[in-house]
2 protein chains.
Amino acid sequence: MAKRERGTLSRAEIVRVAMEVAEAEGSDALTFRRLGPALGVAPTAVLRHFRDKDELLLAIGAQLLENALAEVDHDEPSWRERIMSLSRATRRAFVAHPRVAALVATRTLRQEAEFRTVELIIGAMEQAGLNGRAAASMYRVVADTVLAWTAFEANVHAVGLDVMRQDGLAWDREYVVLPADRYPHIRGVAEHLSEVDREDQFELALELVLDAVEARGNAGGQARAI
Amino acid sequence: MAKRERGTLSRAEIVRVAMEVAEAEGSDALTFRRLGPALGVAPTAVLRHFRDKDELLLAIGAQLLENALAEVDHDEPSWRERIMSLSRATRRAFVAHPRVAALVATRTLRQEAEFRTVELIIGAMEQAGLNGRAAASMYRVVADTVLAWTAFEANVHAVGLDVMRQDGLAWDREYVVLPADRYPHIRGVAEHLSEVDREDQFELALELVLDAVEARGNAGGQARAI
DNA sequence: ACCTGAACACCGTTCAAGT
DNA sequence: ACCTGAACACCGTTCAAGT
C-alpha cells in the first residue's frame with residue numbers, strides 16, 4: 001500500500017500486478033478499484049496508462065503470448081517440430097495463468113506478439129509445401145486448433161478453481177452419480193472419465209492436424225485449399 | 001412494459017427474453033435491471049426463478065444445447081454420421097446466438113441436455129469399437145474438439161459484432177496493412193486470409209479426429225487409451 | 001500515456017414488506 | 001422457484017483540480 005513517486009507507474013507493472021491479483025483472488029477481483037491499492041496509487045491512475053479495462057485485458061493477453069514465444073525454439077529446422085514447440089509453449093503459458101487466460105484466450109489481440117505468432121505459423125505452412133490460399137487456410141486450422149483448445153482448457157481450469165471452492169463438486173464426481181438406466185453408456189465408462197489427461201488430448205488433436213498439413217503439402221499445396 | 005399477473009413468469013420465458021435482449025443489444029445489456037422491464041416485472045423478480053445470474057447463464061447454455069439436440073438424427077445407424085450430425089447441430093445452435101454462446105460455450109452445464117449429449121457421444125465411441133478407458137478418452141477428444149471450436153467461433157462472432165460496430169475495423173483489414181519487411185510470410189498470404197471458410201475448417205478438424213477414432217476402434221479399443 | 005478525489009451512471013444481491 | 005422497492009456494497013469511467 002506504500003505510496004509511490006509519480007512517473008514510476010508503468011504498463012508492464014500494471015499488467016504484472018493485475019495478473020497476480022486475478023490469479024490470487026479470482027477474476028472478479030480484477031478491478032481498477034482493487035488494482036489501485038495493490039499498486040500503491042489511486043484506482044483511476046491506471047486509466048492514465050490504459051484507455052479502458054479492455055485495453056488492459058488485451059495487454060495481459062499479449063504478455064501471455066510473449067511468455068509463450070520466449071520458450072519457442074525459433075531455429076528448429078523442422079516446421080513440424082517448430083509448430084509443436086509453439087503449441088506446447090502457448091498451452092503452458094496460458095494454463096499457467098488460468099483465470100486471466102480464460103478472459104483473453106479467444107480475443108484477437110492485434111499486438112506485436114500475435115503478429116509474430118501468425119508469421120511463425122504461416123512460415124511453417126510454406127515450408128511444409130503449402131502456398132497462397134492453401135497456406136492461409138491451413139494456418140487458420142492450426143492456429144484455431146491451438147487457440148480453441150488452449151482457451152477451453154484455461155476456462156475449465158479457471159471455472160474449476162472457482163466452482164470447487166464454491167460447492168466442492170468436481171466434474172467427475174457429478175457424472176459417476178447419474179442413473180445407469182437413463183445413461184447406460186456414461187455409466188459404463190464413468191470410472192475412466194476423470195483419468196483422462198488433457199495434455200495427451202491436446203497433443204493428439206494437434207498431431208492429427210499436422211498430419212493433414214503434411215499430406216497436403218506433399219501433394220502440392222496449390223491444388224486444394226482444404 | 002405491460003405489467004403482468006403474478007405467477008405467469010417462468011424460467012423458459014426469462015431464458016428466451018434474456019437471449020433476445022443479449023443478441024439485440026449486446027451482452028453488456030444482459031442485466032437483471034434491463035431484463036425486468038423487458039419482462040414486465042421488477043428487476044429482482046428474476047431472482048425468484050434463478051438463484052443468481054450464473055444459474056441464468058447456465059440455463060441459457062442448456063437451451064442452446066437443447067436446440068442442437070432437437071436437430072440431431074438420433075436414429076442414424078452410422079456412429080460417424082451421428083457424431084457429425086451432433087457436431088454440426090451444436091455449431092449451428094451456438095453460432096446462431098453468438099453473444100450468449102460466447103458467455104456459456106466453455107462452461108460445464110451439468111444439466112440434462114449435457115448428460116444426453118455425453119451419452120450420445122460415448123455410445124458412438126462404443127459402437128466404433130472402443131471400450132473403457134479408450135472410449136472415455138476419445139469421448140473427451142471428440143467433445144472437447146466440438147466445444148472448443150464452437151466456443152471459439154461464437155467468441156469471434158460476438159467480439160466481431162462489437163468491435164466492428166466500435167471501430168469499424170475487420171480482422172483481415174488489420175493484417176493486410178502490416179509491413180512486408182517484418183512479416184514477409186503474412187504479407188504473402190494476406191489476401192487469402194479473409195477468404196477462409198470457418199465451417200470448412202470445423203468439418204476438417206472433426207473428420208481428422210473421427211479418422212483417429214475409426215483407426216483405434218478397428219485396431220481394438222482396449223489396447224491403448226490414446 | 002501524470003495523479004487524485006469526487007461524482008455519475010450503472011451493477012448483483014439481500015431483505016423486509018406486500019399479494 | 002411469488003413479486004416489489006429500498007438499500008447495500010460494489011463497478012467503470014469522466015472530469016475538474018492538483019503536482
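Per chain, numbering begins at 1; letters A, B, ... match sequence-line order.
Judged by distance alone, with hydrogens and angles left aside, the side-chain atoms of B:E119 form a donor-acceptor pair with the main-chain N or O of A:I186 at under 3.5 Å.
Atom C1' of D:dA9 sits at a distance of 13 Å from the matching atom of C:dC10, rounded to the whole Å.
What separates CG of B:L35 from C1' of C:dG12 is a distance of 13 Å, to the nearest Å. Rounded to whole angstrom, the span from the CZ atom of B:F32 across to the P atom of D:dC8 amounts to 21 Å. Atom NZ of A:K53 is separated from atom C1' of C:dC11 by 12 Å (rounded to the nearest Å). If you take NE2 of A:H49 and C1' of D:dT13, they are 17 Å apart, rounded to a whole angstrom. Rounded to an integer number of Å, the gap from B:D28 CG to D:dC11 P is 17 Å.
With sequence neighbours left out, B:Y183 forms a ring pair (Phe, Tyr, Trp, His ring centres under 6.0 Å) with A:F115. Considering only residues two or more places apart in sequence or on other chains, B:E81 meets the side-chain hydrogen bond (donor to acceptor under 3.5 Å, both in side chains) condition with none of them. Residues passing the salt bridge (charged side-chain N to carboxylate O under 4.0 Å, His left out) test with A:E112, sequence neighbours excluded: A:R116, B:R182. Looking at residues two or more places apart in sequence or on another chain, you find a side-chain hydrogen bond (donor to acceptor under 3.5 Å, both in side chains) between A:T106 and B:N155. The salt bridge (charged side-chain N to carboxylate O under 4.0 Å, His left out) check on A:R34 picks up A:E25, with sequence neighbours excluded. In this structure, the salt bridge (charged side-chain N to carboxylate O under 4.0 Å, His left out) partners of A:R92, at least two apart in sequence or on a different chain, are A:E71.
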Take nucleotides 14-19 of chain C nucleotide by nucleotide from the 5' end and write B, S or -, depending on whether a protein heavy atom sits under 4.0 Å from the base, only from the sugar-phosphate, or from neither.
BB--BB
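Closest to the B:R34 side chain, of the nucleotides D:dT4, D:dC11, C:dC11, is C:dC11. For B:A45, the listed nucleotide lying nearest its side chain is D:dC3; candidates were C:dA7, D:dC3, C:dC3. The side chain of B:D52 approaches C:dT13 more closely than any other nucleotide in the set C:dT4, C:dA7, C:dT13. Of the candidate nucleotides C:dC11, D:dT4, D:dA1, D:dA1 has the atom lying nearest to any side-chain atom of B:R11. When the nucleotides D:dC3, C:dC11, C:dC3 are ranked by their closest atom to the side chain of B:R33, C:dC11 comes out on top.
Toward the 5' end of DNA chain C, the nearer of the two residues A:P43 and A:F50, judged by each one's closest nucleotide, is A:F50.
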Please set out all donor-acceptor pairs under 3.5 angstrom arising from side-chain atoms of residues 83-90 of chain B, sequence neighbours excluded.
from	atom 1	to	atom 2	distance (Å)
B:S85	OG	B:D73	N	3.4
B:S87	OG	B:I83	O	2.7
B:R88	NE	B:E203	OE1	3.4
B:R88	NE	B:E203	OE2	2.6
B:R88	NH2	B:E203	OE1	3.0
B:T90	OG1	B:L86	O	2.8

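By the 4.5 Å heavy-atom criterion applied to side chains, B:Q63 and B:I60 are not counted as neighbours.
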How does DNA chain C look in dot-bracket notation if pairs are Watson-Crick or G-U with both distances under 3.5 Å, crossing ones as [ ], other-strand ones as |?
.|.|||||...|||||.|.
